[in-house]
There are 2 protein chains.
Amino acid sequence: MCLEIIEKLAARGLKKTPQRRMLLKVLSQSDRHLSAEEVVARIKVQQPGISVATIYRNLNKMVEMELVSKLDLHDGPARYEIYKGHHHHLVCLGCGVALKIGICPLQGHIKKIIEEYGFRVNDHHFEVTGHCQKCQQEAKTDTRLPAI
Amino acid sequence: MCLEIIEKLAARGLKKTPQRRMLLKVLSQSDRHLSAEEVVARIKVQQPGISVATIYRNLNKMVEMELVSKLDLHDGPARYEIYKGHHHHLVCLGCGVALKIGICPLQGHIKKIIEEYGFRVNDHHFEVTGHCQKCQQEAKTDTRLPAI
DNA sequence: TTCTAATTAAGAACTATTATTATTTAGGGG
DNA sequence: CCCCTAAATAATAATAGTTCTTAATTAGAA
Ligand SMILES: [Mn+2]
Ligand SMILES: [Mn+2]
Ligand SMILES: [Zn+2]
Ligand SMILES: [Zn+2]
């Protein structure tokens, strides 16, 4: 899985470094988005010398190349996952999970209207925050005392 | 215009301070979104003692109260404007202008699909970046040498 | 094997924002 | 009008997340 990505890097003239291999391995083995610091922590288990700057630098490069995608909410660190096509997320404020949704607002109708404004679209962000089913359930059955 | 807003603040138990008056005056006199630092710079002309912390603190409070709205892209400082109903923007990467669009993706169709996921929506962000008509024109007729 | 441009580790620097704290002030009650 | 006090402020330190700088290392071409 990440072998192919490493080859894509090489095809574009980038070196196959152990740091890049580990970065891709960690991302592809995760079942959720990871922040740069989380990636570093996981790599440190095997390569304690890994530097955060290296991870940020490579994440940026890979996002640019569309090998990795970045989920940047308006608070906390950005989080990354292996690129698997354009999509958006429902981000849970309770558990932090980012549920993939197939719907993109920049299709058909809305896209057409935007282009009628004479605006040339370059990129877009669409993020929905709220609570996932599990966190709604937990809130209902929660017997803990309120935080005040 | 900002007199009404000041009254709304007072109605919610907040004091009518000269700093708050100036903040609202500056925002309502601007024809575009302003960053906190830009607000400070404009207030400084008349009140050189104004503090950035005061502006940030009040902007946050006013956003929370829906008296001001915040436009937070993923780079550079957040920018603010007087709240005039829920809307989204086409943000020009050339001149920075934020064109208001009336279309909200979280209506009807898409909203329904999201709620069918069992997700309880709390908030959402939709921003489109690209180039406005004016900046597209300028790029065409631009006789400057490219920056390499 | 040698060479060199690419890459790295380490940590300083930076940007935007929030927290802390001593001082000031808005506005209500006497 | 003056006093009082909670609210608000100015100044500045602290923070978070990320990028920059630089000297040392290394991948991979020759
Ligand atoms: Mn995803
Ligand atoms: Mn607007
Ligand atoms: Zn999309
Ligand atoms: Zn909307």
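- At a threshold of 4.0 Å, the pair A:E38-A:R79 does not count as salt-bridged, since none of the basic side-chain nitrogens sits closer than that to a carboxylate oxygen.
- The B:N60 side chain lies nearest to C:dT18 when the options are D:dT9, C:dT18, C:dT8.
- Of the N and O atoms on the side chains of B:H88 and B:H124, at least one donor lies less than 3.5 Å from an acceptor on the other residue.
- To the nearest angstrom, C1' of D:dA7 lies 8 Å from NZ of B:K61.
- Straight-line distance from the CG atom of A:L9 to the C1' atom of C:dA6: 13 Å, rounded to whole Å.
- In this structure, CD1 of A:I55 is placed 13 Å from P of C:dA10, rounded to the nearest angstrom.
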Nucleotide N/O to protein N/O under 3.5 Å, stretch nucleotides 24-30 of chain D:
unit_1: D:dA27; atom_1: N3; unit_2: A:K15; atom_2: NZ; d: 3.1
unit_1: D:dG28; atom_1: OP1; unit_2: A:K16; atom_2: N; d: 2.9

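- Distance from the side chain of B:Y56 is smallest to C:dA16 among C:dA16, D:dA8, D:dT12.
- Across D:dA8, D:dA10, C:dT8, the shortest atom-to-atom separation from the side chain of A:R57 is found for C:dT8.
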TODO: Please report the C-alpha distance between A:K16 and A:E7 in whole Å, then the side-chain angles of each, then the deciding distance to 0.1 Å, and finally whether the salt bridge (charged side-chain N to carboxylate O under 4.0 Å, His left out) criterion is met.
DONE: CA-CA 8 Å; A:K16 304 179 197 175; A:E7 290 313 317; 3.2 Å; yes
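- One distance of note links CG of A:L71 with NE2 of A:H87; it measures 8.5 Å at 0.5 Å rounding.
- A straight line from CG of B:L73 to P of C:dA16 spans 13 Å, rounded to a whole angstrom.
- In this structure, a donor-acceptor pair under 3.5 Å is absent between the side chains of B:Q136 and B:H131.
- Following rounding to the nearest Å, B:D75 (CG) and D:dG17 (C1') show an atom-to-atom distance of 14 Å.
- Distance B:R79 CZ to C:dT17 C1': 17 Å, rounded to the nearest Å.
- When distances run from any side-chain atom of A:Q19 to the nucleotides D:dA8, C:dT8, C:dT17, the shortest one goes to C:dT8.
- Across the protein-nucleic acid pair, A:K44 atom NZ and C:dT8 atom P stand 15 Å apart, rounded to whole Å.
- The CE-P distance, from A:M22 to C:dA9, rounds to 12 Å in whole Å.
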